[in-house]
Amino acid sequence: MDLHSLRQDRIDKLNEIRSIGWEVYPYKFNRTHTAREIVEKFDELADSVTVSAAGRLRLIRRMGKASFADIHDQSGKIQLYFKKDDLGEEPYNIFKLLDLGDIIGVEGVPFRTRTGEITIKIKRFEILSKSIRPLSDKWKGLRDQEMRCRQRYLDLIMNPQVREVFIMRSKMLSSCRNFLEERGFLEVETPILQPLYGGALARPFITHHNTLDMNLYLRIADELYLKRLIVGGFDKVFEVCKDFRNEGMDRTHNPEFTMIELYEAYSDYNDMMTLIQEMILRMADEVLGSRQLTYQDISIDLTPPWPRRDYCGLAKEYAGIDVLSYGDEELRDCLKKLNRDLDTSKMNRGKLIDELFSKAVEEHLQGPIFITDFPIELSPLTKVHRNNPKLTERFELYLFKKEVANAYSELNDPLEQRERFVQQVRWLESGDEEAQPMDEDFLRALEYGMPPTGGMGIGFDRLVMFFTGQPSIRDVIFFPQLRPEEFAAPEEFEEE
RNA sequence: GGGGGUGUAGCUCAGGCGGUAGAGCACCGCCCUUUUAAGGCGAUGGUCGAAGGUUCGAGUCCUUCCACCCUCACCA
């Protein structure tokens with residue numbers, strides 16, 4: 001049967017049910033119990049109490065004058081028993097017109113079948129929503145990766161594990177919020193549409209405001225706005241921010257993604273290390289109930305303290321390179337040795353160092369591990385290291401060879417910040433599309449004085465991937481970006 | 001952007017060296033009043049991703065294109 005006939009079949013049934021006088025899309029239904037509650041409270045309810053429940057019909061086993069069916073609600077599933085003698089002639093005939101996927105409300109008494117399954121013996125039922133499109137295979141579910149993303153609702157109906165992943169995502173976010181709020185952090189909201197972008201090294205999305213007749217950028221990070229709030233006297237702030245970066249997409253990158261950024265006045269990057277360690281442990285304890293994190297057959301132990309290794313030391317150990325004393329040309333040569341196809345001619349010093357590190361070192365960082373004290377070229381918004389002017393007080397946290405957090409002692413010297421911006425602008429003008437533009441308004445804010453501050457950004461989607469064992473970022477974002485689909489309208493509308 | 005893979009019924013998948021398109025589930029009909037992916041009998045259902053080409057003949061071979069997946073490049 002082709003889709004059109006299957007759909008038309010269901011529309012015909014819908015009309016037949018209506019013609020008998022039953023409502024097909026009513027306004028409301030009163031439930032007394034969820035599926036799970038009926039199972040949990042079965043001893044109090046059995047064979048005596050009339051309960052009502054509602055959900056989507058997922059299986060029907062018809063046996064002539066009596067039938068079993070399973071409905072699913074958010075809590076789980078419950079079996080229903082429809083018996084012609086109990087329901088009467090007309091309702092039982094209506095029941096025969098139901099399809100898998102319909103949403104129904106039922107009323108009846110819980111009992112246990114011969115085989116021991118808790119079941120509602122239906123006295124009365126209502127159709128709450130008639131489904132006119134068939135679900136996927138009842139046993140195999142929905143496998144097609146593309147359809148799973150495009151029609152996430154169908155994925156959620158058919159594949160119960162998917163629901164669990166997103167429930168865990170939600171729990172992780174609450175755990176995070178609770179953790180920060182308990183420590184006096186205030187959740188804030190800052191602009192997504194920004195006249196200037198900044199706070200990270202990435203290419204932005206550009207959009208246009210008609211009334212102002214100006215281009216606006218979708219934010220690539222919140223950093224510069226949150227620091228303005230620190231200037232304004234909020235000592236501890238965080239934001240759960242959707243950021244947008246106009247770059248490649250793959251297993252660990254979606255154009256829009258979620259970052260948790262937080263800033264704490266009178267702290268430095270050492271405090272941030274302690275904080276993220278406690279925060280992730282809290283999530284692990286609350287959401288996983290374990291401090292072992294297993295991802296794709298690799299297990300890591302989150303028991304603190306997590307090792308700290310400095311950036312230059314790791315570069316020396318794994319690449320044999322002394323990042324600080326090498327000149328640009330020497331760095332270029334080293335990079336050529338690691339990857340001869342790479343075009344290094346347009347790379348500035350920051351890019352060269354960054355490239356070397358990710359080629360030679362990253363693969364060793366199973367984690368949890370803090371990489372500390374990055375070269376100054378990589379970190380235009382970070383305070384110079386208190387013991388070494390070529391370094392900055394910055395760290396990245398790695399789990400399973402991937403960066404999941406990035407933090408610094410925030411640069412609060414407005415004059416030095418201006419110089420760093422000038423360098424970025426030079427790189428921007430020489431073709432580095434990821435360098436940052438000058439932000440005079442941000443500099444003006446710093447000139448009023450920002451306290452010493454520790455700040456951090458946490459790649460939330462990746463953290464969810466690792467906690468839930470999902471291989472792709474697309475599995476932890478409800479509606480990941482895909483190319484638009486070509487749509488054919490249902491046949492009955494095609495002529496109009 | 002480079003390389004590799006996938007695309008066949010509503011869903012999940014088979015289709016050897018080119019010879020009339022297959023299964024399970026779903027759907028439809030009949031039987032069945034405690035089933036468990038209920039069962040039994042029967043029927044329907046296809047622009048084989050799209051467009052070209054080779055051939056007497058293409059799901060199968062060739063070319064181009066589209067979408068998705070993996071991988072590399074780039075980034076977070």
Side-chain angles (χ1 to χ4, degrees), chain A residues 1-10 12-13 58-70 77 79-87 92 96-97 99-101 111-119 121 131-151 154 157-158 199-203 220-221 243-259 339 341-343 346-347 351 354-355 358-359 362 396-398 402-406 432-434 457-463 465 471-474 480 482-486:
Chain A
M1 291 288 273
D2 63 298
L3 178 58
H4 176 253
S5 323
L6 292 167
R7 186 167 169 277
Q8 192 54 51
D9 257 6
R10 287 174 172 233
D12 292 344
K13 288 185 194 173
R58 294 298 309 282
L59 287 173
I60 303 178
R61 296 177 283 281
R62 300 181 201 272
M63 301 167 299
K65 297 186 184 63
S67 303
F68 287 93
D70 292 345
K77 71 157 198 177
Q79 178 170 262
L80 313 177
Y81 181 53
F82 293 84
K83 193 173 162 187
K84 192 172 182 178
D85 294 348
D86 295 339
L87 285 164
Y92 198 77
K96 287 198 219 164
L97 294 171
D99 289 298
L100 296 182
F111 75 109
R112 213 181 266 279
T113 63
R114 272 212 283 259
T115 50
E117 178 152 354
I118 291 170
T119 302
K121 193 174 202 179
S131 162
I132 61 168
R133 204 175 264 266
L135 296 174
S136 306
D137 190 286
K138 69 181 179 187
W139 186 239
K140 298 287 179 61
L142 181 64
R143 298 272 179 85
D144 184 82
Q145 180 69 30
E146 185 179 349
M147 252 206 282
R148 288 188 48 222
C149 294
R150 286 195 199 280
Q151 296 181 258
L154 193 56
I157 293 169
M158 299 310 302
L201 306 178
R203 284 152 67 189
I220 59 172
D243 290 340
F244 307 85
R245 298 189 185 172
N246 205 341
E247 284 161 354
M249 300 156 60
D250 62 29
R251 217 175 62 252
T252 54
H253 298 85
N254 193 62
E256 82 182 84
F257 64 102
T258 301
M259 188 127 96
N339 183 357
D341 299 330
L342 199 64
D343 178 15
K346 286 182 190 158
M347 291 187 168
K351 280 235 159 229
D354 191 34
E355 195 65 26
S358 55
K359 283 286 166 306
E362 245 168 34
E396 287 184 352
L397 169 65
Y398 274 77
K402 287 283 175 188
E403 179 198 338
V404 297
N406 181 15
D432 182 352
E433 291 179 87
E434 286 158 4
I458 300 157
F460 187 68
D461 306 281
R462 285 183 181 176
L463 209 51
M465 283 170 64
S472 168
I473 198 167
R474 283 184 296 270
L482 293 174
R483 281 196 165 76
E485 185 180 8
E486 280 190 31

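Please read all numbers here as calculations on a predicted model, not as lab measurements. Proteins get letters first, then strands, A, B, ... in listed order; numbering begins at 1 in each.
- Within the nucleic acid shown, A/Ser136 comes within 4.0 Å of sugar-phosphate atoms alone, with no base atom in reach, counting heavy atoms only.
- Residue A/Lys13 is in sugar-phosphate contact alone, with no base atom involved, counting any heavy-atom pair closer than 4.0 Å across all strands shown.
- A donor and an acceptor atom never sit less than 3.5 Å apart when one is taken from the side chain of A/Arg114 and the other from the base of B/U34.
- Nucleic acid contact for A/Leu6: base, since at least one base atom lies under 4.0 Å from a heavy atom of the residue.
- On a pure distance criterion of 3.5 Å, no polar donor-acceptor pair joins the side chain of A/Glu117 and the base of B/U35.
- Judged by distance alone, with hydrogens and angles left aside, A/Asp144 brings no side-chain donor or acceptor close enough to the base of B/G7 to form a pair under 3.5 Å.
- The residue A/Arg245 sits close to a base: some heavy atom pair falls under 4.0 Å.
- Within 4.0 Å (heavy atoms only), A/Lys83 reaches at least one base atom of the nucleic acid.
- Counting non-hydrogen atoms under 4.0 angstrom, A/Arg148 reaches nothing in the nucleic acid.
- Salt bridge annotation for A/Arg58-A/Asp70: absent, with no cationic side-chain nitrogen under 4.0 angstrom from a carboxylate oxygen.
- Residue contacts shown for A/Lys140 are limited to sugar-phosphate atoms, with no base heavy atom under 4.0 Å away.
- As judged by a 4.0 angstrom heavy-atom cut-off over every strand, A/Arg10 is placed among residues making no nucleic acid contact.
- Note that CD of A/Glu256 and CZ of A/Arg245 are 13.0 Å apart. Values are rounded to the nearest 0.5 Å.
- In this structure, B/A38 makes no Watson-Crick or G-U wobble pair, since no nucleotide meets both defining distances under 3.5 angstrom.
- Heavy atoms of A/Arg150 sit under 4.0 angstrom from primed sugar atoms or phosphate atoms, though from no base atom.
- Nucleic acid contact for A/Gly457: none, since no nucleic acid atom lies under 4.0 Å from a heavy atom of the residue.
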